[in-house]
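Take a look at the structure set out below.
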Amino acid sequence: MGFTPPSPFTTRPTLEGTFGMSASTHWIATACSQSVLERGGNAFDAVTAAAFVLHVVEPHLNGPGGDMTAIFATADDPTPTVLAGQGPAPAGATREHYLAEGLELVPGSGALAAAVPGAVDAWLLLLRDHGTWELGDVLAYAIGYARDGHPLLGRVRATIAAVERLFTEHWPSSADRWLPDGRLPEVGEIVTNPAYAAVLERLVDSGAGAADRSSRIEAARTEWKTGPVATETAAFLSRPHRHSTGTDHAGVITAADFAAFSATYEPAATLEFRGHTIAKTGPWGQGPALLQTLAILDGFDDDHLDPSTAVGAHTILEAQKLAYADREAYYGEGNVPLATLLSPAYAAERRALIGDRASAEFRPGSVEGVTPFVPPLRTAYDLPDDGSAASARGIAGEPAVRPSGETRGDTCHIDVVDRWGNIVSATPSGGWLQSSPTIPALGFCLGSRLQMTWLEEGSPSTLSPGRRPRTTLTPTLVVRDGRPVVALGSPGGDQQDQWQLLYLLRTIVGGYTPQQAVDAPALHSTSVPGSFWPRTWEPAGAVVEDRLGDAVIADLEERGHVITRAGDWALGRLSSVGVDHRRGVLTAAANPRGAQGYAAGR
């Protein structure tokens with residue numbers, strides 16, 4: 001039968017050129033990235049400049065108090081390398097302390113949900129080692145938008161409106177920051193963040209006396225870890241404030257936690273699939289679940305890999321459930337049996353479990369010598385009812401997914417490739433404006449990544465001081481014949497790799513162009529315990545775009561899938577850049593949903 005042919009219509013072309021390509025979740029960040037390339041910077045200069053701009057223009061989706069992961073290859077070394085900007089739990093974030101506070105889940109908002117911020121240090125590390133520009137030139141874009149202003153997105157205003165009561169009644173510093181003169185800002189209103197501009201200027205000034213570029217950037221890293229950012233944050237969040245639980249707690253993060261963290265480079269986890277090497281983070285992130293899904297699917301014929309057909313969508317959803325059950329059972333910081341989980345024999349065992357009917361069970365696999373963790377399988381959770389604790393799941397936990405399944409896009413993403421062959425895929429997140437109270441002297445807040453840890457014992461991702469939470473941030477690099485060919489990624493929490501899987505299947509197996517794959521109808525499973533507070537799941541649940549078609553959706557329902565229709569253009573936030581080595585052409589594609597993501601290049 002073959003794959004369903006792609007639609008002849010695409011929302012925009014797959015960009016092609018030979019100079020450089022950028023794609024991101026906000027047109028301003030894409031434009032800034034491309035500006036750096038045009039002025040002689042390389043992909044690492046460009047992606048770092050864009051990342052700091054995203055802190056300013058997408059504050060509801062990321063911030064300097066959050067985290068990031070990236071995967072990249074350089075012109076000199078095509079080996080995929082992971083940049084780990086995921087901070088760990090603070091030294092005081094013990095399971096015993098949280099239980100003593102009367103908690104049974106790590107909150108979805110408030111300082112007790114905050115890991116040590118990792119994004120800024122990671123970006124500075126990448127710039128130091130692989131960029132070419134001075135820090136002041138890279139940060140000038142973000143400083144300009146923070147100091148002089150930028151037009152407020154409608155989605156930012158909607159986020160502020162959703163937490164307005166929380167801000168006015170419990171987080172006055174956030175009200176001061178986001179409700180000028182006690183009112184909601186208007187869409188398109190020029191908003192500034194002079195406090196954050198001053199933070200960035202201090203980073204630049206800290207290296208003024210250093211002898212060389214590397215030392216100047218290293219001085220900025222030291223300033224971030226030991227200067228006012230660390231001390232102001234620890235002092236401000238030590239005072240009790242409202243959390244998503246509807247109760248008040250003080251944070252446990254200290255200045256020493258800031259000083260102790262350094263971002264790192266790590267080898268990628270990889271899998272061979274249909275002549276391509278797919279590279280992801282290690283199992284301290286969810287990335288290997290994509291690899292496990294591909295390993296399971298690789299044993300099916302092409303007809304079972306087409307997301308646009310009933311049999312393909314069913315097979316994909318069932319394979320994802322199995323891989324994500326293993327994510328919950330085995331993934332985390334520590335001794336994860338990844339070699340077994342990615343082995344052909346194990347994939348064959350998992351593949352044999354896929355039948356004609358949708359499973360509503362939580363089914364992790366069996367690994368010799370390892371006891372799988374079975375998390376609490378809650379289909380509902382009693383949320384605070386006072387209206388001020390940001391009780392909707394889409395605000396208190398993951399900032400993107402409504403209970404109906406509609407996704408507005410959380411997190412940010414950037415892909416860049418330059419004319420020399422440097423390529424990077426990066427997913428910044430956390431520290432969104434609704435995650436904890438704004439720190440007045442800094443103009444931003446901390447993230448809430450610790451909500452991805454459990455307070456139950458026995459999990460590889462149980463809350464533990466110094467241990468990274470199992471993040472959902474999961475960029476991808478694809479290699480063919482020893483050379484990088486695609487960098488891609490997406491916001492979307494637990495859906496990030498589920499949507500990227502569709503792109504990979506459609507381009508690698510189905511022959512779609514990048515933009516055709518980005519535009520094509522999306523779907524994902526909700527039949528897995530969520531990574532975000534309150535960590536519920538929907539057995540046999542699946543969310544689909546209506547464009548999948550009534551016949552396909554009806555077939556999935558007949559197979560037992562509990563379907564939520566999200567609308568025609570509601571799921572997926574993919575972007576990508578690529579290299580066609582045969583033609584010597586660079587490519588880029590970006591998500592049209594939400595009318596915000598853009599690619600640029602020439």
Side-chain angles (χ1 to χ4, degrees), residues 25 61-62 69 108 155 280-281 285-294 307 313 316-325 327-328 331 393-394 397-413 425 427-430 432 449 451-452 470-476 488-506 517-533 535-538 540-548 556 561-576 591-594 596-597:
T25 48
L61 305 179
N62 84 134
T69 62
R155 281 171 167 71
K280 303 293 292 182
T281 71
Q286 70 170 334
L290 173 60
L291 305 183
Q292 282 194 247
T293 309
L294 286 170
I316 290 165
L317 290 169
E318 293 305 293
Q320 287 174 330
K321 293 176 194 177
L322 296 170
Y324 282 80
R327 182 193 72 170
E328 295 305 315
Y331 288 20
R393 180 187 179 207
E398 184 178 7
V401 181
R402 295 172 179 166
S404 67
E406 180 183 351
T407 305
R408 296 168 297 186
D410 77 309
T411 305
C412 306
H413 188 75
S425 173
T427 308
S429 186
W432 40 72
R449 192 63 59 184
Q451 66 184 294
M452 296 178 181
R470 190 210 67 218
T471 182
T472 52
L473 305 180
T474 179
T476 300
L488 76 146
S490 174
D494 291 317
Q495 292 78 46
Q496 288 182 23
D497 274 332
Q498 298 195 58
W499 295 335
Q500 291 181 67
L501 173 71
L502 307 180
Y503 180 102
L504 293 171
L505 293 175
R506 282 171 167 143
V518 168
D519 285 354
L523 69 154
H524 64 261
S525 174
T526 53
S527 189
V528 59
S531 295
F532 293 85
W533 186 90
R535 312 209 70 174
T536 56
W537 78 315
E538 183 181 14
V543 184
V544 304
E545 287 187 320
D546 291 51
R547 290 183 296 127
L548 197 61
L556 291 173
H561 296 278
V562 180
I563 298 294
T564 297
R565 290 178 178 242
D568 282 343
W569 295 87
L571 307 178
R573 293 291 182 271
L574 292 161
S575 66
S576 74
N591 167 56
R593 299 162 180 86
Q596 191 171 309

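Residues take their numbers from the sequence shown, with the count starting at 1.
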Kindly compute the distance separating [atom1] ([X]) from [atom2] ([Y]), expressed to the nearest 0.5 Å.
| X | Y | atom1 | atom2 | value |
| --- | --- | --- | --- | --- |
| Asn62 | Leu473 | CG | CG | 10.0 Å |
| Asp519 | Trp569 | CG | CH2 | 4.5 Å |
| Leu317 | Leu322 | CG | CG | 11.0 Å |
| Arg449 | Ser429 | CZ | OG | 4.5 Å |
| Asn591 | Ser576 | CG | OG | 11.0 Å |

Specify the closest pair of heavy atoms between [X] and [Y], including all atoms of both residues, with the distance to one decimal.
| X | Y | result |
| --- | --- | --- |
| Ala323 | Thr293 | CB-OG1, 3.3 Å |
| Thr411 | Trp432 | OG1-CZ3, 4.5 Å |
| Asp497 | Gly287 | OD2-CA, 3.4 Å |
| Leu523 | Ala313 | CD1-CB, 3.8 Å |
| Glu545 | Ala570 | OE2-N, 2.8 Å |
| Phe532 | Thr472 | CZ-OG1, 3.9 Å |

Non-hydrogen side-chain atoms of [X] and [Y] separated by less than 4.5 Å:
| X | Y | value |
| --- | --- | --- |
| Leu502 | Leu574 | no |
| Pro491 | Thr25 | yes |
| Leu290 | Leu504 | yes |

Review point. Less than 4.0 Å between a side-chain N and a carboxylate O, is that true for Arg327 and Asp494?
Key: yes
Output yes when a side-chain donor or acceptor of [X] lies under 3.5 Å from a complementary backbone atom of [Y], and no otherwise.
| X | Y | value |
| --- | --- | --- |
| Arg593 | Leu571 | yes |
| Tyr331 | Ala289 | yes |
| Asp546 | Gly567 | yes |
| Glu538 | Thr526 | no |

Using only heavy-atom distances, determine whether the side chains of [X] and [Y] contain a donor-acceptor pair under 3.5 Å.
| X | Y | result |
| --- | --- | --- |
| Ser531 | Arg470 | yes |
| Tyr324 | Ser525 | no |
| Ser425 | His413 | yes |
| Gln500 | Thr476 | yes |

Practice item. Please test Ile316 against Leu505 for side-chain contact (heavy atoms from CB on, under 4.5 Å), starting from the C-alpha separation and ending with a verdict. Key: CA-CA 10 Å; Ile316 290 165; Leu505 293 175; 3.6 Å; yes
Review point. Partners of Asp568 by salt bridge (charged side-chain N to carboxylate O under 4.0 Å, His left out), sequence neighbours excluded?
Key: none
**Study point:** Candidates Lys280, Gln286, Gln496 - the one meeting side chain to side chain donor-acceptor pair (under 3.5 Å) with Thr474
**Key:** Lys280
**Study point:** Trp499 and His524 aromatic ring geometry - parallel, tilted or perpendicular at 30°/60° bounds
**Key:** perpendicular
Practice item. Any chance you could lay out the side-chain contact (heavy atoms from CB on, under 4.5 Å) test for Leu501 and Leu294, step after step, and finish with the verdict? Key: CA-CA 8 Å; Leu501 173 71; Leu294 286 170; 3.5 Å; yes
